[in-house]
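Everything below concerns the one structure shown next.
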2 protein chains.
Amino acid sequence: MKIPPKKESVAAWAHLFRVYKTLLEQSEQELKRADLPPLSWYDVLLEVHDAPGQRIRQFELGQKVLLPKYNLSRLLDRLQNEALLNREACPEDRRGAVITLTPGGRRLLKRMWAVYGGTIRERFEARLTERDLVSLERTLAKLLD
Amino acid sequence: MKIPPKKESVAAWAHLFRVYKTLLEQSEQELKRADLPPLSWYDVLLEVHDAPGQRIRQFELGQKVLLPKYNLSRLLDRLQNEALLNREACPEDRRGAVITLTPGGRRLLKRMWAVYGGTIRERFEARLTERDLVSLERTLAKLLD
DNA sequence: AGTCGCTGGTTGTAATTGCAACCAGATTGA
DNA sequence: TCAATCTGGTTGCAATTACAACCAGCGACT
């Protein structure tokens with residue numbers, strides 16, 4: 001390599017990965033303990049819920065949740081099988097699909113938030129000061145463009 | 001939920017996940033473009049390399065790389081198949097395995113770092129100031145205990 | 001209209017991950 | 001010493017993810 005990264009960069013990077021993994025694992029674990037589905041289900045339910053009119057094109061959803069399309073396609077299959085969402089044909093683009101929530105989907109979203117939100121509070125918020133939160137946010141934002 | 005987390009916590013948490021995912025994906029992608037194996041291979045090679053005497057018990061390795069044992073077991077199978085590392089019997093504990101690198105493993109480690117280090121520099125270090133790095137590090141450390 | 005390239009979405013199949021059960025060796029403790 | 005329990009590691013099998021190929025509809029250009 002021409003120019004290797006500085007020691008502190010590598011350390012921060014490694015910490016970032018480590019924090020992510022442990023936080024994710026704790027979240028998944030607490031969801032499972034409550035007999036709830038994995039976090040990815042929550043992500044898509046939430047994204048649909050927050051979309052204007054609670055409707056969203058599948059490819060937009062894919063961008064939001066950062067999942068490749070082939071992956072999202074099957075994830076939606078599973079959610080649909082559990083009657084948590086619908087796929088409607090899109091009138092403007094006959095290739096496309098529009099995703100909407102079912103009442104069951106909305107209910108599950110709430111139930112998952114009860115657990116997931118708790119994890120965020122205890123494992124994340126509780127360990128940081130206001131200042132930490134703000135500066136963390138600002139720094140992370142820089143990394144997203 | 002009794003007490004929901006604050007808005008800023010949720011936002012920071014979401015950003016953390018997002019940053020992780022994009023960073024990881026970019027890293028994997030650049031490795032693949034260079035015809036190199038996935039990041040997880042690098043992680044274990046590095047951890048073995050950095051261990052005292054370049055030898056490490058399998059279960060310790062598992063803790064370092066944050067992988068469940070059944071997962072690590074098969075990952076090591078793959079690396080061993082490529083002659084990147086050895087599993088020796090552990091003299092002190094006859095159940096245990098000790099992992100060491102082969103010359104090929106050390107070579108691959110280097111080749112992967114050439115690519116991976118570059119990604120860290122360009123996608124991470126380059127976007128942050130010294131100050132950012134330090135405060136990020138400090139904040140993330142709080143989240144790990 | 002007719003062709004060409006691009007985009008949204010699905011699917012077959014292989015690779016990886018997750019779970020639970022298992023085995024063998026260590027440790028504890030009566 | 002012997003059982004009971006725990007720990008390090010592997011394995012069978014199911015679920016998920018990755019890759020590549022595909023299909024149909026859109027847009028642009030002729």
Side-chain angles (χ1 to χ4, degrees), chain A residues 20-22 24-33 35-44 47-48 51 55-82 85-100, chain B residues 20-22 24-33 35-44 47-48 51 55-82 85-100:
Chain A
Y20 170 84
K21 278 196 190 180
T22 58
L24 176 66
E25 199 206 307
Q26 289 168 345
S27 304
E28 295 282 18
Q29 208 134 323
E30 297 193 25
L31 284 171
K32 191 168 325 177
R33 273 201 320 118
D35 260 303
L36 288 167
L39 210 44
S40 51
W41 290 35
Y42 179 82
D43 281 343
V44 340
E47 222 55 72
V48 180
R55 329 170 40 73
I56 190 170
R57 284 291 300 275
Q58 182 167 328
F59 78 98
E60 293 185 75
L61 182 53
Q63 294 163 195
K64 300 262 190 201
V65 299
L66 245 30
L67 242 51
K69 58 183 182 171
Y70 50 83
N71 216 333
L72 179 62
S73 185
R74 304 223 232 235
L75 177 52
L76 293 181
D77 287 348
R78 282 170 245 150
L79 298 219
Q80 200 176 14
N81 278 345
E82 302 291 335
L85 51 79
N86 307 112
R87 278 196 254 214
E88 299 168 15
C90 176
E92 297 91 28
D93 184 341
R94 248 179 318 160
R95 293 167 298 179
V98 178
I99 314 296
T100 59
Chain B
Y20 170 85
K21 278 197 191 179
T22 57
L24 176 66
E25 200 206 307
Q26 290 169 345
S27 304
E28 295 282 19
Q29 209 135 319
E30 300 194 22
L31 284 172
K32 192 168 325 177
R33 274 200 321 119
D35 260 304
L36 289 169
L39 209 46
S40 52
W41 289 36
Y42 179 81
D43 281 344
V44 342
E47 221 55 73
V48 180
R55 328 169 42 74
I56 190 170
R57 284 292 301 274
Q58 182 167 330
F59 78 98
E60 292 185 78
L61 183 52
Q63 293 163 195
K64 301 263 189 199
V65 298
L66 246 30
L67 243 51
K69 57 183 183 170
Y70 49 83
N71 217 332
L72 179 62
S73 184
R74 305 223 234 232
L75 177 53
L76 293 181
D77 287 350
R78 283 171 244 151
L79 298 217
Q80 200 176 14
N81 278 343
E82 303 290 335
L85 52 78
N86 308 111
R87 279 196 254 216
E88 300 167 14
C90 176
E92 296 91 29
D93 185 340
R94 249 179 319 161
R95 293 167 299 180
V98 178
I99 314 295
T100 59

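Computation of the quantities below employed the complete heavy-atom set of this structure, encompassing side-chain atoms and omitting hydrogens, waters and symmetry-equivalent molecules. In what follows, chains are A, B, ... by sequence order, proteins preceding strands, each numbered from 1.
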Contact under 4.0 Å: A:Arg87 side-chain N or O vs C:dG9 OP1/OP2
no
Can you tell me how far apart CG (B:Leu36) and CH2 (B:Trp41) are? Round to the nearest 0.5 Å.
10.5 Å
B:Leu67 CG to D:dT10 C1', in whole Å, measures 15 Å
DNA chain C in dot-bracket form (Watson-Crick or G-U pairs under 3.5 Å, [ ] crossing, | inter-strand) is ||||||||||||||||||||||||||||||
Do B:Asp93 and B:Arg57 have side chains that get closer than 4.5 Å, going by heavy atoms?
yes
Distance (rounded to the nearest 0.5 Å) between A:Gln29 CD and A:Thr22 OG1:
11.5 Å
Could you state the interatomic distance from CG (A:Leu75) to CG (A:Leu85), rounded to the nearest 0.5 Å?
8.5 Å
Between C:dT10 (P) and A:Leu61 (CG): distance, integer Å
11 Å
Interatomic distance, B:Leu79 atom CG to B:Ser40 atom OG [nearest 0.5 angstrom]
7.5 Å
Keeping B:Gln58 on the side-chain end and B:Gly96 on the backbone end, is there a donor-acceptor pair under 3.5 Å?
no
Side-chain N or O of B:Arg94 versus OP1/OP2 of C:dA26: is the shortest distance under 4.0 Å?
yes
Distance col, row A:Lys21:NZ vs A:Gln26:CD, nearest 0.5 angstrom, shows 14.0 Å
Could you state the CH2-C1' distance from A:Trp41 to D:dA15, rounded to the nearest angstrom?
12 Å
In whole angstrom, give the distance that lies between atom CG of B:Leu39 and atom C1' of D:dT17.
17 Å
Report the distance from atom CD of B:Glu88 to atom P of D:dG9, rounded to the nearest whole Å.
13 Å
Write down the distance between CD (A:Glu92) and P (C:dG9), rounded to a whole number of angstrom.
12 Å
Rounded to whole Å, the CD1-C1' distance (B:Ile99 to D:dG8) equals 12 Å
Return the value, rounded to whole Å, for the distance between atom NZ of B:Lys21 and atom P of D:dA18.
10 Å
5' priority, DNA chain D, between B:Phe59 and A:Pro91 [closest heavy atom]
B:Phe59
Could you give the distance from NZ (A:Lys64) to CZ (A:Phe59), rounded to the nearest 0.5 Å?
11.0 Å
Close N or O pairs between protein and nucleotides 2-6 of chain D (under 3.5 Å):
none

Any chance CD of B:Glu25 has more than 12 other-residue heavy atoms, nucleotides or ligands included, within less than 6.0 Å?
no
Please pick, from C:dG18, D:dG8, C:dT10, the nucleotide with the shortest atom-to-atom distance to any side-chain atom of B:Pro68.
C:dG18
Closest to side chain of B:Ala97, choosing from C:dT10, C:dA26, D:dG9
D:dG9
Name the one of A:Glu82, A:Gln80, A:Arg74 that satisfies side chain to side chain contact (heavy atoms under 4.5 Å, CB included) with A:Arg78?
A:Arg74
Using a cut-off of strictly less than 4.0 Å between a heavy atom of the residue and any atom of DNA chain C, enumerate the qualifying residues of residues 70-78 of chain B by number.
B:Tyr70, B:Asn71, B:Arg74, B:Arg78
Does the side-chain contact (heavy atoms from CB on, under 4.5 Å) test come out yes or no for A:Val44 and A:Leu67, once each step is laid out?
CA-CA 10 Å; A:Val44 340; A:Leu67 242 51; 5.6 Å; no
Close side-chain approach of A:Ile99 and A:Arg55, heavy atoms under 4.5 Å:
no
